[in-house]
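Below, chain A is the first sequence line, B the second, and so on; all start at residue 1.
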Amino acid sequence: MSIAENIIHWYKNNGRDLPWRHTKDPYLIWLSEIILQQTRVDQGMPYYYRFVDAYPTVNDFAQADEEGILRLWQGLGYYSRARNMHKAAKLVMTDFGGIFPRSYTQLLKLPGVGEYTAAAISSFASNEKQAVVDGNVFRVLSRYFGIDTAINTSAGKKQFAQLASALICENEPGMYNHAIMDFGALICKPKAPLCEQCVLRLGCVAYNQDLISILPVKLKGKASRNRYFHYIVVEKAGEWVLTKRGEGDVWANMYEFPLIETPGDMESEEIMALPEYQAIFGKAKIISIAEPIKHILSHQNIYARFYQLQEAASVIEKNPHWNYYNSDNLDKLAKHKLIFSFINKNIMY
DNA sequence: AATTCGGGGTA
DNA sequence: TACCCAGAATT
């Protein structure tokens, strides 16, 4: 039995039953694939149901407003995925006559759809013979064949893509793609893989040469940097001030409280002495209202503190340059994790 | 070719 | 703590 036949056989008995595998609708498959980029199935599942319910068709998605889409995406991270989806949906309506593409080449034209996602959708929706290469495939192939080329180099990506294409099943490429990803997720796991249950272990180089913990090889990236955020929670008669982040930084376009970032950690006294604080709040005093929070992202550690204006200052006039939101409207805004978890804990009891 | 885009699970 | 997850876009 070939490696592909082996994996497919395993899959037919052990594969996961996932909702997006019950459809051939490229739109629904696309929804699932974007949601699952760099995201575990368990984490993405509730979001998939949420989006299918809110936007059953690509036309519904295209006509939605971006705020609503981002609000649904709230908490999932990598928010540019949601904005690219909106662009892609509109592109399908304008350039594809409202018919969601299902071929590899056409899918690649959609923003947010790269080689992996195009291969996935085209193979699942049309049974096109395009091999997916995701984290699972890198791991399974590098271990089975004992390939130590780093997977996060262009040489590695090229080598594994060629190998994956050579291995893909002729008759059922879609099922093969599902199978090898499930196999990587359930058996050939990153840590503590279930080699005793593995149907490929007899031919697996990593298993036979004790290289499981070595493969796949991945070059280390840059260390994380530290950032220090100070959020000023301004409330006036049951309404809160939130501002929208810009582009070009983490959490693009997401809402948060007015923010002052400092190069190092600071106490409230030092914050109040900053020109950028005084330009907005004058001599109003702030007090810390919550424990500092360490929020860890892939490439930065964010140390966040939350403050409020002291009571004498809390009756200051509304600032005409700010937007105020009552608790209902606050809930509708698309906020990043740091903010909505603060709100859930301290405002929306 | 390297970096950046989140958030959470696992050992 | 370090690594990983149905990766893609930007620099």
Fill in: Pairwise 5' ranking along DNA chain C for A:Lys157 and A:Leu18, keeping only the more 5' one
A:Leu18
Discussion item. Do A:Arg50 and A:Tyr47 form a cation-pi contact, if we require the NZ or CZ to be under 6.0 Å from the six-membered ring centre and within 45 degrees of the ring's axis?
Written reply: yes
Fill in: Nucleotide interval of DNA chain C bounded by contacts with chain A (heavy-atom cut-off, under 4.0 Å)
C:dA2 to C:dA9
Worksheet item: Within 45° of the six-membered ring axis of A:Tyr324 and under 6.0 Å from that ring's centre, is NZ or CZ of A:Lys318 located there?
Response: yes
Fill in: Partners passing side-chain hydrogen bond (donor to acceptor under 3.5 Å, both in side chains) against A:Glu261 (at least two apart in sequence or in another chain)
A:Arg227
Worksheet entry | Closest-nucleotide 5' rank along DNA chain C - winner of A:Lys218 and A:Gly114 | A:Lys218
Discussion item. B:dC5, OP1 or OP2 - any side-chain N/O from A:Gln300 closer than 4.0 Å?
Written reply: yes
Practice prompt. Tell me yes or no: between the side chains of A:Glu247 and A:Asn253, is some donor less than 3.5 Å from an acceptor?
Written response: yes
Worksheet item: Would A:Ser123 and A:Arg102 satisfy side-chain hydrogen bond (donor to acceptor under 3.5 Å, both in side chains), going step by step from the backbone distance to the final call?
Response: CA-CA 9 Å; A:Ser123 68; A:Arg102 54 172 70 239; over 6 Å; no
Practice prompt. Please work out whether the ring planes of A:Trp20 and A:Tyr48 are parallel, tilted or perpendicular, with thresholds of 30° and 60°.
Written response: perpendicular
Practice prompt. Would you state whether a donor and an acceptor, one from the side chain of A:Thr39 and one from the base of B:dG6, lie under 3.5 Å apart?
Written response: yes
Worksheet item: Does the gap between the ring centers of A:Tyr144 and A:Tyr207 come in under 6.0 Å?
Response: no
Item to complete: Verify whether one side chain among A:Asn136 and A:Arg139 offers a donor that lies under 3.5 Å from an acceptor in the other.
Response: yes
Worksheet item: Does anything in residues 130-138 of chain A reach DNA chain C, meaning a heavy atom under 4.0 Å, and if so which residues?
Response: A:Asp134, A:Gly135, A:Asn136
